[in-house]
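Residue indices begin at 1 and follow the sequence shown.
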Amino acid sequence: MASGEELLWDADDKGAQMVPRLRRIGVTVGFLGFFGLLLWTESNAVWAVYAGALYLLGEIAYWVWDRRRLVEARIVSDGVDGPARLRLRRVGGQVTEHDPHHVARVLIIHDNVLDEAKLRLSLHGRRLLFGRPCRPPALSAWRHACPQAHVRDRGAHWGMPGIPDY
């Protein structure tokens with residue numbers, strides 16, 4: 001196992017990006033209010049209110065999903081002979097530690113256009129965890145840190161138009 005601390009996953013963007021999201025939600029609420037006033041004047045703009053409300057629900061769902069995404073994964077050990085632990089940090093700031101032997105699957109998905117990858121991490125008895133994009137890590141570090149995990153990588157299934165998928 002690793003000694004000390006070994007970085008396995010380090011997302012490029014670790015922030016929660018709340019200011020742009022709040023700005024978009026504020027603009028949407030403003031338009032919903034405006035179109036709501038138009039409806040009082042017997043207008044047929046009902047679709048605009050429904051579209052804005054649907055967009056607002058989508059933003060809230062994305063925010064809830066994004067808060068749980070992983071931005072950092074490390075192998076840490078307390079002492080020289082201490083057991084190594086897998087430390088996962090999420091966008092929302094939550095830090096959890098797990099036994100590396102409980103990692104069932106690690107999948108690194110390489111982007112076809114940009115030099116970045118996405119992480120899919122599965123722990124035994126838990127749901128799938130998603131990682132924010134970062135530069136592609138070495139698979140050997142994951143294989144060494146999580147010896148019982150099925151570690152693999154693949155290219156994305158689709159890319160940009162005009163750029164061949166591999």
- prompt: His101 and His124: which non-hydrogen atoms are nearest, and at how many Å?
  reply: O-CD2, 3.9 Å
task: To the nearest 0.5 angstrom, please state how far the NE2 atom of His150 sits from the CZ atom of Arg143.
output: 9.0 Å
- request: Show your working on side chain to side chain contact (heavy atoms under 4.5 Å, CB included) between Leu88 and His98 and close with a plain yes or no.
  value: CA-CA 8 Å; Leu88 303 175; His98 305 275; 3.6 Å; yes
query: To the nearest 0.5 Å, how far apart are CG in Leu86 and CG in Leu8?
result: 6.5 Å
- request: Output, in order, the C-alpha distance, side-chain angles, deciding distance and verdict of side chain to side chain contact (heavy atoms under 4.5 Å, CB included) for Asp115 and Arg135.
  value: CA-CA 6 Å; Asp115 184 29; Arg135 294 195 44 86; 2.5 Å; yes
- request: Please report the shortest heavy-atom distance between Ile108 and Pro137, naming the atom on each side.
  value: CD1-CG, 4.0 Å
message: Show, in sequence, the C-alpha distance, side-chain angles and deciding distance for Arg105 and Leu121, and conclude whether the side chain to side chain contact (heavy atoms under 4.5 Å, CB included) test is met.
response: CA-CA 6 Å; Arg105 184 177 73 128; Leu121 180 70; over 6 Å; no
Distance in Å, Leu7 CG paired with Cys134 SG, rounded so as to fall on 0.5 Å steps: 8.5 Å
query: Which distance, rounded to the nearest 0.5 Å, do you find between the CD of Glu97 and the CZ of Arg87?
result: 4.5 Å
query: Can you name the nearest heavy-atom pair linking Ala145 to Pro100, along with the distance?
result: O-CB, 3.3 Å
- prompt: Between atom OG of Ser122 and atom CG of Leu107, what is the distance when rounded to the nearest 0.5 Å?
  reply: 10.5 Å
- prompt: If only atom types and distance count, is the side chain of Trp9 paired as donor or acceptor with the main-chain N or O of Arg132 below 3.5 Å?
  reply: yes
Hydrophobic cluster membership, Leu128 vs Tyr62, 4.5 Å side-chain cutoff: yes
message: Check this for me: Arg120, atom CZ, are more than 12 non-hydrogen atoms of other residues, nucleotides or ligands nearer than 6.0 Å?
response: yes
message: Evaluate Ile109 against Arg154 for side chain to side chain contact (heavy atoms under 4.5 Å, CB included), listing each step before the verdict.
response: CA-CA 5 Å; Ile109 303 171; Arg154 69 169 171 83; 3.4 Å; yes
message: What's the separation between atom CG in Leu139 and atom CG in Asp153, rounded to the nearest 0.5 Å?
response: 4.5 Å
